[in-house]
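A short worksheet on the structure shown next.
Reckoned from all heavy atoms, side chains included, excluding hydrogens, waters and symmetry mates. Because the structure is a prediction, the values reported are computed rather than measured.
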Amino acid sequence: MIDLLFSDPIPVVQHHYQRQLHDVFASGGGSASQAPWSRPVEGFPGALGKARMLANAVHNLRSQRAERRPVLQAWPSLGLLETRLWSSPNGPRYVMLHDPAPLRRQYGHSEPARRWAAAAPAEHRPTVLVSNDHAHAIARQALPHHRIENVLHPMLGTQRPVVKTARPSILVAGQYKPARNVELLAALGPRLRARGWDTRIVGRGWPDIAGWTVENRFVAEHELEDLLGRSWVHLLTYRQYFQSGVSLRAVEMATPTVGEDTDFLRGLFGAGHPGLVASGGDPSDYERAIEAVIDGAGPSLESVQRDYFGRCRESWRVVR
């Protein structure tokens, strides 16, 4: 594998992603390191903050253009605009589209922005990276002339299990978004509580939900790892999503995920994972899936991680 530079404009959010990317490239004899010129494009409040974020985004664009090594934009801060702007005559350029169709409004994803990006001449088309076939199809529709490649979301190469809670516990982790299926959680929570299982939601923006202990707050990196590691099940209940970094981190902490049978979860755990719930599944389907995972059905998480990590490394060889 190559020695890759990446620009990460949201380094606080993606700190763990950087570690995962490093492990994947190192395992293939290469490296992945943050470009020394990369500046953050996050966390600056007010009008002056917006001006600073824009200035940093422009700085990153100019700096990558002068760079002679392959460069990945790990999070396009200007949305689809960067699938035209993130280009250079000096070497290969890659843009990671985590959400080709964002779950909430984001800058640079308007129809005029999409048309401008799609009309890029060949010399201004970086390779677009997506995480699965679903995301690939949406990106292809938006950018019909770009080279688009599937790469698996990176993962750490080692697992770090910790002691589980005394009784089965189910965790929903991460920030609330409108795509979260609150109705399903409200119907499922009391059923799980009736079985004597702990049910907990931790993340910013969550409303109170019957049957769940809700902690509406920011969760630091080290605490998220501990929460995931001590839980018996990580529950994923999105109506729509492309990938789940939290589900990957759960595997790294030896905790399985239960969720709808999507390209992403099937690709992570395999078709035989008992935590896959058919699309449109009701609370009883999720309850059965959670019970099966708690009972230890399905392949070991060690083999899941080993298999996924190997496939992930091979998928990233398209970056060259």
Can we say Glu221 and Arg19 salt-bridge, meaning some charged N sits less than 4.0 Å from an Asp/Glu carboxylate O? no
Start with the C-alpha distance between His153 and Tyr17, add both sets of side-chain angles, then the distance that settles ring-ring contact (aromatic ring centres under 6.0 Å, His included), and finish with yes or no. CA-CA 9 Å; His153 188 300; Tyr17 185 90; 5.1 Å; yes
What is the ring orientation for Phe269 with His273, classed by angle as parallel under 30°, tilted 30 to 60°, or perpendicular over 60°? parallel
Does His109 reach the main-chain N or O of Leu81 with its side chain, forming a donor-acceptor pair under 3.5 Å? no
Please determine, by modelled atom types, if Gln18 and Gln34 share a side-chain donor-acceptor pair under 3.5 angstrom. yes
Show the numbers, then the answer: is there a side-chain hydrogen bond (donor to acceptor under 3.5 Å, both in side chains) between His234 and Thr255? CA-CA 7 Å; His234 165 242; Thr255 298; over 6 Å; no
Between Asn181 and Arg239, is there a donor-acceptor pair closer than 3.5 Å when you use the side chain of the first and the backbone of the second? no
Quick one: are Trp232 and Asp198 in side-chain contact, heavy atoms under 4.5 Å? no
With sequence neighbours left out, what residues match Glu67 under salt bridge (Lys or Arg N to Asp or Glu O under 4.0 Å)? Arg69
Looking at Ser315 and Leu152, would you say the former's side chain and the latter's main chain have a donor-acceptor pair under 3.5 Å? yes
Nearest 0.5 angstrom please: Met253 CE to Leu224 CG, how far? 9.0 Å
For Trp86, what residues pass the ring pair (Phe, Tyr, Trp, His ring centres under 6.0 Å) criterion, not counting sequence neighbours? none
Report yes if the distance between the aromatic ring centroids of Phe242 and His134 is under 6.0 Å, otherwise no. yes
